[in-house]
Undergrad: 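Here it is: the structure, laid out below.
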Amino acid sequence: RLEPGENADKVMAAWRTRAQTRNEAIALDPGFYLEVLQARQAGTIGAMPRCLDRVLAMHALASAIVATHGPTIARALDEAQVARDEAERSQHQRRAIAAQTAIETALQQLLLQLEEWNDIQDLIQGFREMRDAQRDLQGRTDEARGKK
């Protein structure tokens, strides 16, 4: 669920616009999150710290791996294969190692964020179970009172 308010309305409007342009239904559309992330960065959609901002932060980390660090490694390794000498090859290898280190760091951050997200989801599930149990207890209590 999204936090209620103007920002949620903007996100839903963006979703409707994107859904109308799609030719096929898909369960998950990473491009949508990229669009929302870009809108957040541009300031056209405000903060939604309870839920969406957390998802966008995880998406930003994953996108950086795919869009930036991965291609950097591939390019550096391709250039290392055709390097003219050992010094040039070492330079390209160092670039690849630096990008690999950046990927490892991003994955560690993503893992921490996912663990926090899972903890939050577990907490939400626990509250829902307590709410449902309370409703059940209230229903049984009302029934018992009605029978007396």
Side-chain angles (χ1 to χ4, degrees), residues 1-81 90-148:
R1 294 184 183 175
L2 294 176
E3 294 96 317
E6 176 185 344
N7 294 322
D9 294 340
K10 290 178 181 179
V11 171
M12 292 307 298
W15 176 254
R16 283 186 205 97
T17 300
R18 184 155 178 99
Q20 290 170 351
T21 62
R22 295 204 58 85
N23 293 332
E24 59 188 55
I26 58 172
L28 179 64
D29 184 0
F32 169 72
Y33 292 100
L34 181 58
E35 285 180 12
V36 174
L37 179 62
Q38 290 168 344
R40 283 280 290 118
Q41 292 168 342
T44 57
I45 294 178
M48 297 186 73
R50 273 197 272 161
C51 181
L52 187 59
D53 286 353
R54 295 173 191 270
V55 173
L56 293 177
M58 290 185 279
H59 185 76
L61 283 170
S63 292
I65 291 169
V66 172
T68 305
H69 305 308
T72 298
I73 290 173
R75 189 171 36 258
L77 292 176
D78 286 345
E79 290 170 353
Q81 287 179 340
S90 292
Q91 177 185 358
H92 296 307
Q93 289 170 337
R94 282 191 297 278
R95 271 188 25 236
I97 290 169
Q100 178 63 34
T101 301
I103 287 175
E104 290 173 11
T105 300
L107 287 173
Q108 289 170 350
Q109 291 172 350
L110 184 57
L111 181 59
L112 290 173
Q113 290 180 12
L114 285 170
E115 287 173 356
E116 182 179 321
W117 178 258
N118 285 337
D119 290 345
I120 291 169
Q121 296 305 309
D122 289 345
L123 186 62
I124 290 170
Q125 182 62 33
F127 277 118
R128 286 181 180 153
E129 289 170 2
M130 286 177 13
R131 179 201 59 202
D132 293 346
Q134 178 63 32
R135 284 182 186 163
D136 182 51
L137 179 61
Q138 185 67 45
R140 288 185 287 150
T141 301
D142 291 344
E143 274 184 33
R145 283 184 183 158
K147 291 181 181 177
K148 286 188 174 183

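Quick caveat: nothing in here was measured; it's all calculated off a predicted structure. The residues of the chain are indexed from 1 along the displayed sequence. Heavy-atom basis, side chains included; hydrogens, waters and symmetry copies ignored.
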Undergrad: In chain order, what residues pass the salt bridge (Lys or Arg N to Asp or Glu O under 4.0 Å) check against R94, with sequence neighbours excluded?
TA: none

Undergrad: Which residue pairs pass the ring pair (Phe, Tyr, Trp, His ring centres under 6.0 Å) test with at least one member in residues 3-31, sequence neighbours excluded?
TA: W15-F32

Undergrad: So Q121 and W117, side-chain contact (heavy atoms from CB on, under 4.5 Å) or not? Walk me through it.
TA: CA-CA 6 Å; Q121 296 305 309; W117 178 258; 3.3 Å; yes

Undergrad: Please enumerate all residues that pass side chain to side chain donor-acceptor pair (under 3.5 Å) together with E115, with sequence neighbours excluded.
TA: none

Undergrad: Between E24 and R22, is the side-chain contact (heavy atoms from CB on, under 4.5 Å) condition met? List the steps.
TA: CA-CA 6 Å; E24 59 188 55; R22 295 204 58 85; 4.2 Å; yes

Undergrad: About how many Å separate CE of M58 and CG of L112, when rounded to the nearest 0.5 Å?
TA: 11.5 Å

Undergrad: Can you list the residues that meet the side chain to side chain contact (heavy atoms under 4.5 Å, CB included) rule with D53, with sequence neighbours excluded?
TA: R40, A47, M48, P49, L56

Undergrad: Which residues satisfy the side chain to side chain contact (heavy atoms under 4.5 Å, CB included) test with Q81, sequence neighbours excluded?
TA: D78

Undergrad: So which heavy atom on E79 is nearest to which on R95, and how close?
TA: OE1-NH1, 2.9 Å

Undergrad: Within this structure, what is the CZ-CG distance for the pair R128 and L123, rounded to the nearest 0.5 Å?
TA: 11.0 Å

Undergrad: Between atom CD1 of I97 and atom CD of Q93, what is the distance when rounded to the nearest 0.5 Å?
TA: 6.5 Å

Undergrad: Any heavy-atom pair between the side chains of I73 and I103 that's under 4.5 Å?
TA: yes

Undergrad: Write down the atom of N7, the atom of G46, and the distance for their closest heavy-atom approach.
TA: OD1-N, 2.9 Å

Undergrad: Side chains of residues 62-69: which donor-acceptor partners sit under 3.5 Å, not counting sequence neighbours?
TA:
from, atom 1, to, atom 2, distance (Å)
S63, OG, H59, O, 2.9
S63, OG, H59, NE2, 3.2

Undergrad: Considering non-hydrogen atoms only, spot the tightest contact between D29 and R18 and give its length.
TA: OD2-NE, 2.5 Å

Undergrad: Roughly how far, to the nearest 0.5 Å, is the OG1 atom of T72 from the CG atom of L77?
TA: 10.5 Å

Undergrad: Is it true that R140 and D136 have a side-chain N and a carboxylate O under 4.0 angstrom from each other?
TA: yes

Undergrad: For the residue pair I45 and K10, what are the closest heavy atoms and their distance?
TA: CG1-CB, 4.0 Å

Undergrad: Let me see the working for R145 and D142 under side-chain contact (heavy atoms from CB on, under 4.5 Å), right down to the final yes or no.
TA: CA-CA 5 Å; R145 283 184 183 158; D142 291 344; 4.3 Å; yes

Undergrad: Under the side-chain contact (heavy atoms from CB on, under 4.5 Å) criterion, do Q138 and R135 qualify, and how do the steps go?
TA: CA-CA 5 Å; Q138 185 67 45; R135 284 182 186 163; 5.6 Å; no

Undergrad: In Å, rounded to the nearest 0.5 Å, how long is the span from CD of Q20 to CG of N23?
TA: 12.5 Å

Undergrad: Quick check for you: to the nearest 0.5 Å, what is the distance between R16 atom CZ and T21 atom OG1?
TA: 14.0 Å

